[in-house]
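Each chain gets a letter, A, B and so on, in the order its sequence line appears, and its residues count up from 1.
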Amino acid sequence: MTYLPTPEHEELRAVVRELADERIAPRAPEIDQKAEFPWDLKELLARQDLLGTCFEERHGGTNLDSIGQSIVVEEIARADATTSLIPIVQKLGALPILLAGNDEQKDRYFPRLASGEWLIAFGLTEAAAGSDVASNRMRATRDGDHYVLDGSKRFITHGSVADVLTVFALTDPDAGGRKGMSAFIVEAGTPGFAAPRVEHKMGIRGSPTAELTFDDVRVPVENRLGEEGDGFKIAMATLDRSRLGIAAQAVGIAQGALDAAVAYAADRQQFGQRVVDFQGIQWMLADMASQLEAARQLTYAAAARVDAAASDLPYWTSSAKLVAGDTAMKVTTDAVQVLGGYGYITEYPVERMMRDAKITQLYEGTQQIQRLVIARQLLRRAGIGARPRERRETGA
Amino acid sequence: MKIVVCIKQVPATGADKRYTDDLRLDRAGVEGIINPLDEYAIEQALRLQDAGIVDTVSYLSMGPEQASEALRRALAMGGDDATLITDPGLAGADEWTTAKVLATALDRLAPDVALMGMASDDARGSLVPGAVAAMRNVPLLSYGAELTVSDGEARVRRLSATGYDWIAAPLPVVATVTDQVGEPRYASLKGIMAAKRKPLEAWSLTDLSLSLADLRGGALTTVTDVRPPEAKPPTERVENLSAAEAAARIADWLAARKLI
């Protein structure tokens, strides 16, 4: 067991941090203010090979281990949470294909995703089915060598900018969401597909969160992932792994806020001394730093379990997301406190970071859903079975 | 067509610079980076390679073993191979010694263009390019905003008082470029991975058939004192005035210093 980062991880962090400091951080306030998707930074990340970290080299990716992928997300999120969603969602959307796709599907889509030429999104959540994924309503009806998709999705990150989506729909409505849902690859150019509206949000404002409508969208049978009825299983397996990206994002947001708080406290003079020289401030900063480090190490521990395909990986990724999300909320809130009135105004980045942090407690499963996942794993370890009617709640 | 870009590893800009008792820069524990002005030379060379004008881009550096990190970083940006000249006898080398060693190595590498940044971020002597050209008895094309190579000739576009001058010389040449070349590229992730597999050779003075006697003991100059620059007088701010009053105040300030 090793608890020290490898030289390769250190180098990766240094390279991404330099890029993020010089090119991403200066754009962050404008991205937030205008709520515009940062196409320029998407191009930059693509050019630097940072959108292909989860893909194999034969598809043009760089095939980083999960700790390396976490470091990339962390360092981008340290500068701008919105921009960090570009690699996060590139993986989230691709995970169903990585987990359940056949070679033909991978060969068809992964090169364009690894290069960053195409963006992908993950279409699971519906207006009435958030945490309760099994209540999904969208239909996919077989018609010859096609499926016809009808219905709508909501809260789909990058839904309006993606070129292709992995979408979940009921192929057997009578069997319900758990047994009757299937997963499909849907190209955004398919007739009948539209992203008519994006949400106005508190944070990650440059990242479009879209409502999607499917009006007789014909998807070829070869775009189905796995077998009919595999959808719920694929969605859960995806979220068990993608939560790691949110944990890394939360760690990065918290690091950005801590760094801003330290820099401000070292510069600001009150009562004839630097604010950072007040012990009360030092204690706050020390708490922020140690909690952040704990969240980071748990995230890396979870990342190692993902790569090892550990049987209890949901325990680890949900724990990491739970701890890191709460830490990001706390650290960014404390950062605003350290900056005082200046922390509350848009001239400094910490109020944005505090707004951005909140989403890490909500998406890819609320913190309450993470606790359910963790508790279920805990009971399994203790040999205590689930309730007679097996239930599995989660959320995207 | 082959370019050798000479780069220097320097302490990170803004790093706390400490000196040893014999007034040498203490590099222990100090993060080293590629001299930022050398990155423009790298960028210029790689642009010529991207355009298919140059076949091979090599890097050459003289420094302690840790300078290999700077060469790896350059290789991550692009290019083909790198050579580090490292030898205990070179500790404390001055500009003349550095030029002598680089000139000897360049004789062996035989590039069409030996390309350098216009100065180093730490010492800022700006003497090495000219000295290398003189020692190799080849033309020096200095301070290029752009370098082109064609038909056995190198040309640099150099900013002048009235516009730009184009200066040409037959190959081989030593050339230096400025930050007007354009923003250096960032190393991509694939570039970083590929750099680990690119050849990086280390040469000692023995490998170059040089002795300390050839280098006159390692330095012609002696550092007698090191001091931080004197603090500048405080900035005078002109604020809370109307535009006309502010302009008059600034004009008076400039006139008092005979600047206008």
Would B:Arg157 and B:Tyr164 count as a cation-pi pair here, with the cationic atom under 6.0 angstrom from the ring centre and within 45° of the axis?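 That pair qualifies as a cation-pi contact.
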Think B:Arg249 forms a cation-pi with B:Trp253, using NZ or CZ under 6.0 Å from the six-ring centre and within 45 degrees of its axis? no
In residues 178-189 of chain B, which residues are in contact with chain A at a heavy-atom separation under 4.5 Å? B:Tyr186, B:Ala187, B:Ser188, B:Leu189
Determine, for A:Glu30 against A:Arg27, whether the closest basic-nitrogen to carboxylate-oxygen distance falls under 4.0 angstrom.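 Yes.
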Between B:Asp122 and B:Lys8 (salt bridge meaning N to carboxylate O under 4.0 Å), is one present in this structure? yes
Let's test your reading of the structure: which of A:Glu11, A:Glu8, A:Arg47 forms the most heavy-atom pairs below 4.5 Å with chain B?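 Most pairs with chain B among the choices: A:Glu11.
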Donor on one side chain, acceptor on other, A:Thr317 and A:Arg241, under 3.5 Å: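 Absent: no donor and acceptor within the cut-off.
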To the nearest 0.5 Å, tell me how far B:Arg47 CZ sits from B:Ile53 CD1. 12.0 Å
Could you state the interatomic distance from CD (A:Gln48) to CG (A:Leu41), rounded to the nearest 0.5 Å? 11.5 Å
So B:Val4 and B:Thr83, do their side chains get closer than 4.5 Å, heavy atoms only?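 No, every pair of side-chain atoms sits at 4.5 Å or beyond.
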Interface residues of residues 62-94 of chain A facing chain B - heavy atom cut-off under 4.5 Å: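 Those residues of residues 62-94 of chain A which have a heavy atom under 4.5 Å from chain B are A:Thr62, A:Leu64.
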Walk me through whether A:Glu293 and A:Arg296 qualify under salt bridge (charged side-chain N to carboxylate O under 4.0 Å, His left out). CA-CA 5 Å; A:Glu293 205 54 62; A:Arg296 175 181 287 124; 3.0 Å; yes
Check A:Ala254 against A:Leu292 and note the closest heavy-atom contact, atom names and distance. CB-CD1, 3.8 Å
